[in-house]
Amino acid sequence: MKHVLTLCIGNICRSPLAEVLLARELPQHRVWSAGLAALVGSPADPLSQQIATEQALDLSAHRAQQVTAPMCQLADVILVMEQSHKAWLEQQYPLVRGKVFRLGQFGAFEIADPYRQPREAFETAFAAIRQGVADWAPRIRQLSA
């Protein structure tokens, strides 16, 4: 399990944060992110960038990309923010069944979209993403050994 894909809707708020956090925790893995309806080519949201910078993470080079079938095939695990993302992805790409999970699965939570909301929504999303990464990283490491 060496390839990890994180997904949200626009690929500018949540999945880029999950990507950089997972990449920091899993340096031997390939981690990337995409969107179900990506704002293709857009940088990460300024509030996501600001929160990342405060956590010694860098989103400056991030550009949103649309999820594709080849990305889904390459990924060993796909981590989404909400159950509806999982359902959409499995409907669009049936081959992903069995490797799509919510980032908040172990804590039984979803990560609400902070897009166009105040900073507090981004902080709440980041805290949930950080918890999801803390839950998933050791499991991915164990499955990769």
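In this chain, numbering begins with 1 at the start of the sequence shown.
Side-chain contact check for D135 and Q131: at least one donor-acceptor pair (N or O, by modelled atom type) lies under 3.5 Å.
Closest of all the heavy-atom pairs between M81 and C8 is CG-CB, 3.8 Å. When all heavy atoms are compared, the tightest approach of L103 to A18 is CD2-CB, 4.1 Å.
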Give the intermediate values and the outcome of salt bridge (charged side-chain N to carboxylate O under 4.0 Å, His left out) for residues R130 and E25. CA-CA 11 Å; R130 185 172 41 208; E25 292 297 316; over 6 Å; no
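Cluster membership check: V80 shares its hydrophobic cluster with W32, using side-chain heavy-atom separations under 4.5 Å among Ile, Leu, Val, Met, Phe, Trp and Tyr. Placement of L57 and V4 within a single hydrophobic cluster is found when ILVMFWY residues are connected by side-chain heavy-atom separations under 4.5 Å, directly or transitively. Residues I140 and V100 fall into different hydrophobic clusters, defined by Ile, Leu, Val, Met, Phe, Trp and Tyr side chains chained together at heavy-atom separations under 4.5 Å. Hydrophobic clustering of Ile, Leu, Val, Met, Phe, Trp and Tyr side chains at less than 4.5 Å, counting indirect connections, keeps L21 apart from L5. When hydrophobic clusters are built by joining Ile, Leu, Val, Met, Phe, Trp and Tyr residues whose side-chain heavy atoms come closer than 4.5 Å, directly or via intermediates, L59 is not grouped with I12.
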Sequence neighbours excluded and cut-off under 3.5 Å, please list the side-chain donor-acceptor pairs for residues 106-115, or say none.
residue	atom	partner	partner atom	Å
E110	OE2	Q83	N	2.8
D113	OD1	Y115	N	3.0

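With salt bridges taken as basic N to acidic carboxylate O contacts below 4.0 Å, one links R119 and E54.
Using a 30° and 60° split on the angle between ring planes, Y93 and W88 fall in the perpendicular class, above 60°.
Using modelled atom types, no side-chain atom of H3 and backbone atom of H29 make a donor-acceptor pair closer than 3.5 Å.
Taking CG of L89 as the reference point, atom NZ of K99 lies at 9.5 Å (rounded to 0.5 Å).
Heavy atoms of other residues, nucleotides or ligands lying less than 6.0 angstrom from CZ of R116 number 12 at most.
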